[in-house]
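Worksheet: the structure to be examined is printed underneath.
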2 protein chains.
Amino acid sequence: MEEMSLTAPEPTALEIVRTRSLSSLVAQEIERMILSGALPAGERLNEQQLAAQLRVSRGPVREAVRGLERSGLVVAVRNQGSYVRTVSAQEALEIYDLRAAITGLACARLAEGAAPAQMATLRALVKRMDTARRADDPPSYYAANLEFHAALLSFGGGPRSQRLYEDLGNELHLFRRRALVQPENMRESNAEHATILKAIAAGDAAAARAAGEAHIAGGKRRFQATDATTKPGTGRKGENDDDQHDPSPPPAAGRRGGRPRRAG
Amino acid sequence: MEEMSLTAPEPTALEIVRTRSLSSLVAQEIERMILSGALPAGERLNEQQLAAQLRVSRGPVREAVRGLERSGLVVAVRNQGSYVRTVSAQEALEIYDLRAAITGLACARLAEGAAPAQMATLRALVKRMDTARRADDPPSYYAANLEFHAALLSFGGGPRSQRLYEDLGNELHLFRRRALVQPENMRESNAEHATILKAIAAGDAAAARAAGEAHIAGGKRRFQATDATTKPGTGRKGENDDDQHDPSPPPAAGRRGGRPRRAG
DNA sequence: GGACTGCCATCTGTCAACAGTTGGCGCGGC
DNA sequence: GCCGCGCCAACTGTTGACAGATGGCAGTCC
């Protein structure tokens with residue numbers, strides 16, 4: 001009845017303090033703030049403000065920010081501070097392609113030999129999404145969708161693939177503030193899920209791969225449809241002359257030095 | 001005549017101090033130590049020893065280690081220390097598959113429309129490798145090979161793809177101490193490079209993708225051939241019951257506490 | 001009136017010190 | 001001789017404090 005849970009059950013408060021260092025908790029919290037939009041893309045991260053807000057010293061905050069910098073959520077400029085990374089439309093499209101490639105890989109591997117229990121888990125998740133769709137419950141659909149893809153990558157690819165997929169998904173959140181799953185797309189999305197499972201069950205690796213890639217490509221297409229800056233027709237062709245894809249040039253003036261604006 | 005250089009030319013010493021923080025330099029140095037084998041996989045990272053060795057305080061070292069932890073080169077255990085990550089054979093194979101997928105993606109994109117300058121750069125690199133091979137100069141071949149793949153990913157995929165490819169390559173170095181490019185494989189490897197370029201030049205996206213994937217798969221095969229623990233026949237099928245792929249369980253006893261062993 | 005220069009508050013980068021935990025070693029008991 | 005307990009040193013986690021840099025604001029010169 002119950003599916004394998006890809007998410008940790010519920011750690012005890014004491015367990016948390018015993019196992020996780022303060023730095024990792026701070027990193028987790030800052031990451032949550034970024035992904036939830038509390039810290040919008042391009043925003044400057046004030047170390048001591050964050051430290052005061054989280055009731056810790058600046059040390060753990062700095063360590064956390066360094067970690068987030070490595071993972072690509074934050075860019076740092078010496079003596080100037082760290083900024084929430086901004087993802088350009090072009091980068092977002094590239095990330096979609098990467099996710100499509102590794103998803104297709106996982107689907108192909110799964111088609112070559114999936115365990116019955118794994119298939120059952122995936123099918124149960126599709127059913128859960130279908131239920132959520134009928135009930136017009138986007139949050140539930142969103143959660144189940146995350147679990148589905150995590151399971152797909154975990155079963156077909158492995159732990160590294162799963163983590164990579166999630167990291168890329170996090171980066172995608174940095175492109176503006178955008179709801180990545182619109183309610184009206186639930187039906188189409190879940191139909192693609194079913195197509196994937198069908199190909200896997202048939203043992204057709206090529207079809208499974210194509211279906212997995214098409215699913216992410218569909219997400220990319222739906223993403224493009226809602227964004228005016230990405231013209232679907234002209235994918236980046238050869239002559240990329242004027243594109244200087246920097247990770248994220250810090251904003252011109254980051255409001256740092258100077259005395260605080262007082263209404264005097 | 002000269003190719004686009006994918007590596008930074010040569011930063012001035014003053015420029016380094018101005019732009020890079022001490023933490024990033026320490027991170028770079030520790031990463032170099034890990035990849036060069038000076039810090040073997042599984043080794044414990046002693047913070048104050050590293051700090052003393054690099055003539056800095058523990059703060060930057062800790063920040064650097066946190067960054068390396070996020071990038072997957074290091075695993076940390078609370079109150080116990082950080083260890084250089086050990087990559088299992090299974091994880092190594094998974095990483096090869098991921099690299100194959102994103103390389104194939106880049107090749108396909110390149111086949112859909114590569115700029116002449118880009119093709120010229122790639123062809124020049126293949127020629128350089130061929131020269132190095134004839135001269136029996138593995139280091140030169142190795143360097144050119146790195147540049148070739150960096151260019152391939154940069155041109156066909158984008159900056160994110162390129163960084164991802166390199167990060168995955170770095171992780172691969174953590175599997176034992178192994179020379180990833182054997183001299184006797186240079187001919188075969190470069191022939192595959194030529195096949196990739198041929199498919200790209202023909203504008204055949206499917207063929208280019210297949211060639212790119214086959215090239216990395218060839219690397220995987222050559223890797224498996226030199227490692228007894230990876231049985232080529234039985235790729236991980238469905239029933240993965242007993243595999244608890246932890247990122248890297250810390251060694252049983254890490255030689256930390258206790259008084260120093262004195263010969264008294 | 002416009003542009004330049006000096007000043008200064010804020011923030012980051014780095015360091016040194018304090019507290020808590022871990023794990024081995026030696027001692028004592030059985 | 002073997003097992004368990006307590007001690008202790010080393011190390012990590014965290015904090016507070018100090019130095020350097022940055023960028024806006026005000027005053028001043030032309």
Side-chain angles (χ1 to χ4, degrees), chain A residues 14-30 43-69 74-84 250-264, chain B residues 14-30 43-69 74-83 249-264:
Chain A
L14 189 144
E15 237 5 73
I16 293 178
V17 180
R18 274 259 182 275
T19 59
R20 313 293 307 224
S21 75
L22 205 47
S23 311
S24 65
L25 292 172
V26 171
Q28 186 177 337
E29 180 61 17
I30 296 179
E43 182 84 350
R44 225 181 68 86
L45 298 181
N46 190 324
E47 290 180 3
Q48 53 194 27
Q49 175 188 326
L50 281 171
Q53 181 177 340
L54 300 176
R55 307 292 182 82
V56 294
S57 184
R58 277 180 52 222
V61 173
R62 283 181 63 85
E63 294 178 15
V65 171
R66 282 298 175 284
L68 266 52
E69 182 186 3
V74 158
V75 291
V77 183
R78 173 169 173 120
N79 286 330
Q80 193 173 351
S82 301
Y83 301 83
V84 178
R255 173 83 221 108
R256 198 184 65 87
R259 75 186 56 173
R261 57 190 65 182
R262 55 190 173 204
Chain B
L14 189 142
E15 227 22 62
I16 293 178
V17 181
R18 273 262 180 273
T19 59
R20 311 295 306 225
S21 74
L22 203 47
S23 312
S24 65
L25 262 61
V26 172
Q28 187 176 337
E29 180 62 16
I30 295 179
E43 183 85 351
R44 226 181 70 85
L45 299 180
N46 189 322
E47 290 180 3
Q48 53 194 28
Q49 174 189 327
L50 281 171
Q53 181 176 340
L54 300 175
R55 307 294 181 82
V56 294
S57 183
R58 278 180 50 218
V61 173
R62 284 181 63 84
E63 293 178 16
V65 171
R66 282 297 175 283
L68 266 52
E69 182 186 3
V74 159
V75 291
V77 182
R78 174 169 172 119
N79 285 330
Q80 194 174 350
S82 301
Y83 302 82
R255 173 84 223 109
R256 198 183 63 88
R259 73 188 56 177
R261 57 189 69 183
R262 55 190 174 204

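So you know, we letter chains A, B, ... as the sequences are listed, proteins then strands, and number each from 1.
- Taking atom CG on B:Asn79 and atom C1' on C:dT21, their separation rounds to 5 Å, with Å as the unit.
- Exactly one of A:Leu22, A:Leu45, A:Val56 qualifies for a side-chain contact (heavy atoms from CB on, under 4.5 Å) with A:Val61. That residue is A:Val56.
- For B:Gln48, the side-chain contact (heavy atoms from CB on, under 4.5 Å) partners at least two apart in sequence or on another chain are B:Asn46, B:Arg58.
- Listed by residue number, the members of residues 62-69 of chain A with any heavy atom below 4.0 angstrom from DNA chain D form an empty set.
- Put simply, A:Arg44 has no side-chain N or O that comes within less than 4.0 Å of OP1 or OP2 on D:dG23.
- For the pair B:Arg44 and B:Gln80, the tightest heavy-atom approach, listed with the atom from each and the gap, is NH1-O, 2.7 Å.
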Intermediate values then yes/no, side-chain contact (heavy atoms from CB on, under 4.5 Å), A:Glu47 and A:Val65: CA-CA 9 Å; A:Glu47 290 180 3; A:Val65 171; 5.6 Å; no

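- Of the residues in residues 46-53 of chain B, none lies under 4.0 Å from DNA chain C by heavy-atom distance.
- Among residues two or more places apart in sequence or in another chain, the side-chain contact (heavy atoms from CB on, under 4.5 Å) test is passed with A:Gln28 by A:Leu25.
- Scanning both residues, A:Arg78 and B:Ser21, for their nearest heavy atoms gives NH1-CA, 3.3 Å.
- Distance B:Leu54 CG to C:dT14 P: 13 Å, rounded to the nearest Å.
- Of all heavy-atom pairs spanning B:Val26 and B:Ala64, the tightest one is CG1-CB, 3.8 Å.
- Atoms CD (B:Gln80) and C1' (C:dT21) sit 11 Å apart, rounded to a whole Å.
- Evaluation of the side chain to side chain donor-acceptor pair (under 3.5 Å) rule for B:Ser82 yields no partner, not counting sequence neighbours.
- How far CD1 of B:Ile30 is from CG of B:Leu68: 6.5 Å, rounded to the nearest 0.5 Å.
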Tabulate atom names and distances for all N/O pairs under 3.5 angstrom spanning the protein and nucleotides 15-19 of chain D.
from, atom 1, to, atom 2, distance (Å)
D:dT15, OP2, A:Ser57, N, 2.8

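- OP1 or OP2 of D:dG13 has not a single side-chain nitrogen or oxygen of A:Ser23 nearer than 4.0 Å.
- Between A:Ser23 and B:Arg66, the shortest heavy-atom distance links the atoms CB-NE, 3.9 Å.
- Within the structure, a side-chain polar atom (N or O) of B:Arg78 is placed less than 4.0 Å from OP1 or OP2 of D:dT14.
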